[in-house]
Number of protein chains: 2
Amino acid sequence: MQNDYHHGNLKNALIQAGLAILAQEGVHGLSLRKAAKRVGVSHAAPYAHFADKQALIAAIAARGYQDLYILIYATAQKHQNDPQSLIVETAWAYLQYAIQNTHQFKITFSGVVEKASDYPEFREISMNSFDLVVDGVRACQRAGILQPGDPEMLATSLWAGVHGFTLLLLENQIPSYLLARYSLRQLLLAHLAQLLPGLAHHLV
Amino acid sequence: MQNDYHHGNLKNALIQAGLAILAQEGVHGLSLRKAAKRVGVSHAAPYAHFADKQALIAAIAARGYQDLYILIYATAQKHQNDPQSLIVETAWAYLQYAIQNTHQFKITFSGVVEKASDYPEFREISMNSFDLVVDGVRACQRAGILQPGDPEMLATSLWAGVHGFTLLLLENQIPSYLLARYSLRQLLLAHLAQLLPGLAHHLV
DNA sequence: CACATTAACTTGACAATGTAAAGTTTACCT
DNA sequence: AGGTAAACTTTACATTGTCAAGTTAATGTG
């Protein structure tokens, strides 16, 4: 079977190859042809599964997003009983993931996917993630750690806060003397304390 | 003078052309050759002024950053006497700018410039902007609106909060029912109230 | 003022890329 | 068995980043 027609799993293989390229060479190194070559198909083969380059990138981003979701979900489960550490540890996990998978994270959240809302896979995982945050906020409200109020709005604030902090960090926009003076975890905790009033005593 | 040697202003013209392309076609449409053609020089002319494509993009981003800085600075000046509205209106201006100049904003903050810290122009304007936020935080602390504490750290939190909110909005990651239920200004105010405890009464 | 030097460009070339069109192979259904 | 459609290949083309080698004009230097 020297001609591998009907690969059967090309779509997935291309996404996987894309993730590999992404990890090694960054967004800049991503190309349809390179992914195709890596999988061992002709350079036009991807067009059977992806409308264009953006579609492949979107798929890669969605896959990365799923990984992140799984991590966040597991972390949330582990701290189900303590809403405060639920928030803290999930945020910490989020940050860790972003640092360890910079390219993946950026491709997911930095507008490389030009019209992310066009891709249903992306929309879905995005909504799921948000719901997870909302759940966390509700738990905190029940525990009296967060003041009452529209949970979706609070969740947006919380996420925006953690997300913004993460992105500033990845873009090296956080002053180096802050990074020198405090640990990353301290900075994140301080940032969270700003968002969750009841958290202040967590700070060292 | 049919041959325009020593254009004298090519570097600037290319940046300007880049900004125009960016506004019309987005990041994707940006190319050295297109910018060169727009200015009326040969496709290799840019290499006399920019090491590579990244360098041009970095220059464009820095210019966009400067525009944003000027806007923020002017807004801050206008509300010098009232620290609270200083923060609120600057944040609002920030958000408005991002919405009205989406591509510019993204190119500046979404990692399109791969190693932004390599470009001194970028580093400088970035630091200036941060200092502006620190000043605002200090003013708020003097006015008792923000609790005491490391101003740089608070500034980071504040900026991260506004920045994250802005990016989530640009990436359509803010749930549509929130956008339907509240105005953008309300959402931002609610978000800021989370960051600035004394702000709660501002909310409608 | 002749002349070298150099910065600012142009021309020509090349490889990598996205993408469309047309062909080929294989699986599957009737 | 035969037809149809999906999964691929081949060929082709325009766009692009980048380099190398010219060409031109400004700027000194003797």
Side-chain angles (χ1 to χ4, degrees), chain A residues 1-22 24-61 103 107 111-116 118-119, chain B residues 1-22 24-61 103 107 111-116 118-119:
Chain A
M1 198 186 300
Q2 43 211 46
N3 253 343
D4 237 322
Y5 277 76
H6 297 91
H7 184 293
N9 206 17
L10 220 202
K11 184 168 183 175
N12 227 279
L14 284 170
I15 295 176
Q16 222 60 40
L19 284 170
I21 295 173
L22 194 57
Q24 291 174 23
E25 311 176 37
V27 193
H28 202 70
L30 259 186
S31 87
L32 276 180
R33 294 174 100 111
K34 212 183 282 179
K37 184 167 291 174
R38 209 178 180 101
V39 174
V41 294
S42 81
H43 63 260
Y47 283 88
H49 302 275
F50 300 99
D52 53 12
K53 192 188 181 182
Q54 277 289 310
L56 173 60
I57 293 185
I60 295 174
H103 297 300
I107 218 182
V112 185
V113 184
E114 243 137 303
K115 219 31 201 125
D118 286 358
Y119 302 90
Chain B
M1 200 185 302
Q2 42 210 46
N3 253 343
D4 236 323
Y5 278 75
H6 298 90
H7 184 294
N9 207 17
L10 221 203
K11 184 168 183 174
N12 227 280
L14 284 170
I15 295 176
Q16 222 59 42
L19 284 169
I21 295 173
L22 194 57
Q24 290 174 23
E25 312 176 36
V27 193
H28 202 70
L30 259 186
S31 86
L32 277 180
R33 294 173 100 110
K34 212 183 282 180
K37 184 167 292 174
R38 211 181 179 100
V39 174
V41 295
S42 80
H43 62 261
Y47 282 88
H49 302 275
F50 300 99
D52 53 13
K53 191 188 182 185
Q54 277 290 310
L56 172 59
I57 293 185
I60 295 173
H103 297 300
I107 220 183
V112 185
V113 185
E114 246 139 297
K115 222 24 203 133
D118 287 358
Y119 302 92

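Naming convention: chains lettered A, B, ... in sequence-line order (proteins, then strands); numbering from 1 in each chain.
The CG atom of A/Leu30 sits 17 Å away from the C1' atom of D/dT16 (whole-angstrom rounding). One can place CD1 of B/Ile57 at 8 Å from P of D/dG17, the figure rounded to the nearest angstrom. The CG-C1' distance, from B/Leu10 to D/dA26, rounds to 16 Å in whole Å. Computed from coordinates, the B/Lys11 NZ to C/dA7 C1' distance equals 14 Å when rounded to whole Å. Here the C1' atom of nucleotide C/dA15 and the NZ atom of A/Lys37 are 11 Å apart, to the nearest Å. Taking atom CG on A/Asn9 and atom P on D/dA7, their separation rounds to 12 Å, with Å as the unit. As a whole-Å value, the separation of B/Leu14 CG from C/dA8 C1' is 12 Å.
Residues that satisfy the side chain to side chain donor-acceptor pair (under 3.5 Å) test with A/Asn12, not counting sequence neighbours, are A/Arg63. Looking at residues two or more places apart in sequence or on another chain, you find a side-chain contact (heavy atoms from CB on, under 4.5 Å) between B/Ala61 and B/Ile107, B/Thr108, B/Val113, B/Phe122.
The two residues A/Ala51 and A/Ala55 come nearest to each other via the heavy atoms N-CB, 3.8 Å. For the residue pair B/Val112 and B/Val27, the shortest heavy atom distance occurs at CG1-CG1, 3.9 Å.
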Hey, can you pull the donor-acceptor pairs under 3.5 Å for the side chains in residues 29-44 of chain B, sequence neighbours left out?
unit_1	atom_1	unit_2	atom_2	d
B/Ser31	OG	B/Lys34	N	3.0
B/Lys34	NZ	B/Glu25	OE1	2.9
B/Lys34	NZ	B/Gly29	O	2.9

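Contact annotation: A/Ser31 reaches the phosphate of C/dT17 (side-chain N/O to OP1 or OP2, under 4.0 Å).
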Could you go over nucleotides 19-21 of chain C and give all protein N or O partners under 3.5 Å, atom names and distances?
unit_1	atom_1	unit_2	atom_2	d
C/dT19	OP2	A/Tyr47	OH	3.1
C/dT19	OP2	A/Lys53	N	2.9
C/dT19	O5'	A/Tyr47	OH	3.3
C/dT19	O4	A/Arg33	NH1	3.2
C/dT19	O4	A/His43	NE2	3.4

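Pairs passing the side chain to side chain donor-acceptor pair (under 3.5 Å) check and including a residue from residues 45-59 of chain B, sequence neighbours excluded, read B/Gln54-B/Glu114.
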